[in-house]
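One structure is given here, and the rest of the page talks about it.
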Amino acid sequence: WVLVDVRNVSNSINLTKSFGYDFDTVKIINNSSSALLATQNGNLHKIDLTNKSLSSVLAEKVISFSQYDNEVAFFASETEVGGAETDNKPYFIGLLNLSDSRVDKLTTISTPGQVAYSRFYDNKYITIFTDDEALLYKKDESSDPISFELKFTPDTIKIGHNGEFIALS
């Protein structure tokens, strides 16, 4: 992974070489591109380019993640050491607070998938995509999620600029 500075290409950073990890996923999480989230073998880390540091593991067995503001929603495997599943739902949705590294387990899911975390006006939404179904949770409400059927399993998820729409392909 290389972070390219388009205004001054000589300031570009080879993340793989700088941190010694072959990252699976890298996402920019701030406007200056000095803070990144990255997974390496399912371990979620924060990269701080200002002080050239890599955090300890923030969450393990991460399949996908989506960040909004100072929180990260993620889809992870819930297998114990030795691979034994904890129940009939071997995956879970977690919410990581980047300020204090606290992880809250939101719900368990029976099949792997992807997650999108967005905001529209003052409401935050966590949308879970598994198989051919999507579940839309309003973050600060305890009500049941809105479920809707998809005719495909999305590979790519893009959240619109103001958070009102999520594009899937």
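Only heavy atoms go into these numbers, but all of them, side chains included; no hydrogens, no water, no symmetry mates.
Distance alone, capped at 3.5 Å, is enough to place a donor-acceptor pair between the N30 side chain and the S34 backbone. Of the possible polar contacts, one joining the D48 side chain to the T50 backbone as a donor-acceptor pair under 3.5 Å is found. The closest donor-acceptor contact from the side chain of H45 to the backbone of A38 lies at 3.5 Å or more, if one exists at all. Proximity of a side-chain donor or acceptor of T107 to a complementary backbone N or O of I93 within less than 3.5 Å is not detected. The backbone N or O of A116 sits nowhere less than 3.5 Å from a side-chain atom of S66 that would complete a donor-acceptor pair. Remark: the backbone N or O of P154 is paired with a side-chain donor or acceptor of Q114 at under 3.5 angstrom.
Looking at residues two or more places apart in sequence or on another chain, you find no salt bridge (Lys or Arg N to Asp or Glu O under 4.0 Å) involving D155. Shown here are the side chain to side chain donor-acceptor pair (under 3.5 Å) partners of S169, two or more places apart in sequence or in another chain: there are none. For S53, the side chain to side chain donor-acceptor pair (under 3.5 Å) partners at least two apart in sequence or on another chain are N51. In terms of the ring-ring contact (aromatic ring centres under 6.0 Å, His included) criterion, F75 has no residue partners (sequence neighbours excluded). In this view, S99 and N70, N97 satisfy the side chain to side chain donor-acceptor pair (under 3.5 Å) rule, not counting sequence neighbours. The salt bridge (Lys or Arg N to Asp or Glu O under 4.0 Å) check on K138 picks up E141, with sequence neighbours excluded. For the salt bridge (Lys or Arg N to Asp or Glu O under 4.0 Å) test, no residue two or more places apart in sequence or in another chain qualifies with R7. K151 meets the salt bridge (Lys or Arg N to Asp or Glu O under 4.0 Å) test with E149; sequence neighbours excluded.
If you chain together hydrophobic residues whose side chains sit under 4.5 Å apart, F129 and I126 never meet in one group.
Scanning both residues, K139 and L95, for their nearest heavy atoms gives CE-CD2, 3.3 Å. Heavy-atom minimum distance, G163 versus F120: O-CB, 3.9 Å. Across every non-hydrogen atom of L58 and L98, the tightest pair is CD1-CD2, 4.1 Å. When every heavy atom of S12 is checked against every heavy atom of D5, the shortest pair comes out as OG-N, 3.1 Å. Residue L3 comes nearest to S33 through the heavy atom pair CD2-O, 3.6 Å, listed as atom of the first residue, atom of the second, then distance.
Apart from V57 itself, the hydrophobic cluster it occupies contains nothing, where clustering links Ile, Leu, Val, Met, Phe, Trp and Tyr at side-chain heavy-atom distances under 4.5 Å.
Under the side-chain hydrogen bond (donor to acceptor under 3.5 Å, both in side chains) criterion, the residue pairs touching residues 120-129 are E71-K124, R119-D122, with sequence neighbours excluded. Pairs passing the ring pair (Phe, Tyr, Trp, His ring centres under 6.0 Å) check and including a residue from residues 145-169, sequence neighbours excluded, do not occur. Identified under the salt bridge (Lys or Arg N to Asp or Glu O under 4.0 Å) test for residues 19-42, with sequence neighbours left out: none.
Between F92 and F74, the ring centre distance stays below 6.0 Å.
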Before giving the answer on side-chain contact (heavy atoms from CB on, under 4.5 Å), spell out for V26 and T39 the whole-Å C-alpha distance, their side-chain angles and the decisive distance to 0.1 Å.
-> CA-CA 7 Å; V26 175; T39 56; over 6 Å; no
Apply the test side-chain contact (heavy atoms from CB on, under 4.5 Å) to residues I47 and F23: give CA-CA distance (whole Å), side-chain angles for both, the deciding distance (0.1 Å), then the verdict.
-> CA-CA 11 Å; I47 299 172; F23 297 108; 3.8 Å; yes
Between L44 and L96, does a side-chain contact (heavy atoms from CB on, under 4.5 Å) hold up when you go through it step by step?
-> CA-CA 10 Å; L44 181 65; L96 165 69; 3.9 Å; yes
Apply side-chain contact (heavy atoms from CB on, under 4.5 Å) to N43 and V62, showing your working.
-> CA-CA 6 Å; N43 294 321; V62 173; over 6 Å; no
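A distance of 6.0 Å separates CH2 of W1 from OG1 of T25, quoted to the nearest 0.5 Å. Here CG of L37 is found 11.0 Å from CD1 of I28. Values are rounded to the nearest 0.5 Å. Between the NZ atom in K61 and the CG atom in N41 there is a gap of 13.0 Å [rounded to 0.5 Å].
Checking each of I63, T108, T130 against Y91 for a side chain to side chain contact (heavy atoms under 4.5 Å, CB included) leaves exactly one that passes, namely I63.
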